[in-house]
K.L.:
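There's a structure below that I have some questions on.
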Amino acid sequence: MIAAWMLYCTAVAVLLICAAVPLERFVQHRGGGTRRVWFAALTGVIAIPVLGVLVRDGAPAVEVGNEVVPVSATRGLVMEQVQTLASLDAVLASLWMIASVSVLALIAFGLAGTWRRSRAWGGATVDGVEVLVSDDVGPAVIGLLRTRIVLPSWALDLSRGQRAMMLRHEQEHVSAGDPRLVFFAALVAAAFPWNPGVWFMLRRLRLAIEVDCDDRVVRSADMDLRGYAELLLTVGSRRSVPAYGVGFSVGRPFLEERIDRMTLPRAGRSRAHAALLVLGLGGVLGAVWSLPQPVRAAWVSETVQWCDDGNADLTRGLLQAYDWST
């Protein structure tokens with residue numbers, strides 16, 4: 001039942017977002033890296049359904065008369081009428097495949113286009129750092145296996161201090177492996193292109209990557225916070241051709257929020273606040289794991305047990321009252 005699995009995975013994503021948003025704020029106030037929060041949430045979108053199938057998909061099923069009644073291992077839940085949405089499976093599978101292939105094609109075209117344009121960019125050493133210089137791309141970091149810093153030609157006219165901040169920002173992206181993290185998130189979006197929760201996580205991850213990078217740059221020695229914010233505004237005012245990667249120009253849609261987060265004071269949270277957060281996260285994750293999984297009709301039909309039509313009503317009543325957890 002593809003429709004049921006779509007709804008289940010969407011519900012998992014929404015609950016993970018409910019856990020990730022307060023955790024991100026807590027980590028940010030403690031000066032930690034928020035991108036790990038959204039990386040974990042995106043990983044959970046994949047891992048939780050897979051683990052659920054491996055651990056919990058062994059529920060028995062009984063065919064009562066002509067009706068298959070699978071019993072879920074989740075607190076004795078009886079999931080009846082498993083064939084209700086089966087007629088949509090072929091259409092949904094086709095749409096899913098088309099959407100996934102389209103997203104993968106966009107990723108491939110983006111990577112290929114960036115690689116093709118990069119062949120025309122000249123190499124240079126700017127303030128002791130090896131970079132590529134383009135006419136209209138950057139500042140950004142491109143590449144998955146071999147990451148390179150790309151600076152637009154106008155960046156060479158900045159003051160030495162501004163160039164130092166710009167280069168430090170891009171070097172932080174390289175050190176953290178952020179292009180590969182963005183690529184992983186894009187693949188998750190390609191696997192679940194119909195899931196709005198995944199696209200929300202992808203957007204928050206892109207913001208978290210830039211915010212974490214800003215934070216590491218600002219906390220470095222002799223860093224001028226006001227000058228760094230002005231540099232962000234300067235980059236935001238320039239028109240830049242998008243490139244597949246991360247960097248100053250990629251974070252432009254989040255410019256205002258990035259500056260706001262940079263100027264927020266670091267406030268330590270109390271132990272009581274941390275304890276409440278842990279309890280809340282535990283409750284949300286428990287709700288995620290307790291979500292009733294759809295039962296695969298094909299699997300059920302191969303393992304049904306039979307009962308007489310004369311005992312159908314009795315068997316159905318017993319199944320509905322049966323608590324698998326006991």
Side-chain angles (χ1 to χ4, degrees), residues 1-21 23-24 35 37-57 59 70 72 74 77 79-113 144 179-209 242 244 246 250 253-254 284-300:
M1 292 182 60
I2 294 178
W5 274 106
M6 286 182 171
L7 293 174
Y8 171 75
C9 293
T10 301
V12 168
V14 170
L15 289 175
L16 289 177
I17 290 172
C18 293
V21 169
L23 181 59
E24 179 190 33
R35 63 196 181 100
V37 174
W38 294 107
F39 170 74
L42 282 166
T43 303
V45 170
I46 300 176
I48 290 175
V50 172
L51 288 175
V53 170
L54 296 177
V55 176
R56 295 162 46 197
D57 201 34
S72 170
T74 306
L77 178 67
M79 302 178 66
E80 300 187 25
Q81 299 176 353
V82 295
Q83 299 288 353
T84 303
L85 300 176
S87 59
L88 299 176
D89 283 357
V91 175
L92 290 176
S94 299
L95 293 176
W96 187 342
M97 182 176 297
I98 292 172
S100 293
V101 171
S102 299
V103 175
L104 288 174
L106 288 175
I107 296 173
F109 288 150
L111 289 171
L144 296 176
R180 289 182 287 274
L181 183 56
V182 172
F183 181 68
F184 164 77
L187 291 182
V188 176
F192 302 96
W194 40 263
N195 194 330
V198 169
W199 290 103
F200 178 85
M201 291 179 184
L202 175 59
R203 185 177 186 277
R204 298 300 296 184
L205 175 64
R206 294 297 296 270
L207 173 60
I209 286 174
Y244 186 89
V246 292
V250 178
F254 312 111
V284 173
L285 294 178
V288 171
W289 189 250
S290 299
L291 284 174
Q293 286 186 311
V295 176
R296 293 176 295 176
W299 180 84
V300 170

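Everything numeric in this text was worked out from a predicted model, so none of it was measured. Below, each value reflects all heavy atoms present in this structure, side chains not excepted, and no hydrogens, waters or symmetry copies.
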K.L.:
Among V21, L23, L42, L205, which one satisfies side-chain contact (heavy atoms from CB on, under 4.5 Å) with V37?
P.N.:
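Exactly one candidate clears the test, L23.
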K.L.:
Any side-chain heavy atom of L207 within less than 4.5 Å of one from W38?
P.N.:
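They are not in side-chain contact.
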K.L.:
Could you report the tightest heavy-atom contact between V12 and G44, atom names first, then the distance?
P.N.:
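Of all heavy-atom pairs spanning V12 and G44, the closest is CG1-O, 4.4 Å.
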K.L.:
Can you name the closest pair of heavy atoms from L144 and P179 and give their distance?
P.N.:
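Closest heavy-atom pair between L144 and P179: CD2-O, 3.7 Å.
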K.L.:
Taking the side chain as every heavy atom from C-beta outward, state whether L111 and F183 have any pair of such atoms under 4.5 Å apart.
P.N.:
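A side-chain contact exists here, since the closest heavy-atom pair is under 4.5 Å.
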K.L.:
Over all heavy atoms of both residues, which pair between W194 and C9 is shortest? Give the atoms and the distance, please.
P.N.:
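Result for this residue pair: CH2-CB, 3.6 Å.
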K.L.:
List the steps, then state whether side chain to side chain contact (heavy atoms under 4.5 Å, CB included) holds for L187 with L104.
P.N.:
CA-CA 7 Å; L187 291 182; L104 288 174; 4.0 Å; yes
K.L.:
So L16 and M201, do their side chains get closer than 4.5 Å, heavy atoms only?
P.N.:
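Answer yes - side chains close enough.
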K.L.:
Might you point out which heavy atoms bring V103 and P193 nearest each other, and give the distance in Å?
P.N.:
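For V103 versus P193, the nearest heavy atoms are CG2-CB, 4.2 Å.
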K.L.:
At what distance, to the nearest 0.5 angstrom, does CZ of R35 lie from CG of L181?
P.N.:
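It is 6.0 Å, given to the nearest 0.5 Å.
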K.L.:
Looking at T10 and N195, would you say the former's side chain and the latter's main chain have a donor-acceptor pair under 3.5 Å?
P.N.:
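Checked: no pair found.
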K.L.:
With a 4.5 Å limit on heavy-atom distance, are the side chains of I46 and F192 in contact?
P.N.:
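Result yes, sub-4.5 Å side-chain heavy-atom pair found.
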K.L.:
Do V188 and F39 come within less than 4.5 Å of each other through their side chains, counting heavy atoms only?
P.N.:
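In short, these two side chains do not touch, never coming nearer than 4.5 Å.
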K.L.:
Considering non-hydrogen atoms only, spot the tightest contact between A13 and G197 and give its length.
P.N.:
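Shortest heavy-atom contact: CB-CA, 4.0 Å.
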K.L.:
So how far is it from S102 OG to L95 CG, rounded to the nearest 0.5 Å?
P.N.:
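Here the interatomic distance stands at 10.5 Å.
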K.L.:
Can you give me the closest heavy-atom contact between A189 and V198, atom names plus distance?
P.N.:
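Smallest heavy-atom distance, with atoms named: CA-CG1, 3.7 Å.
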K.L.:
Taking W96 for the side chain and A191 for the main chain, is one N or O donor matched with an acceptor at less than 3.5 Å?
P.N.:
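Present.
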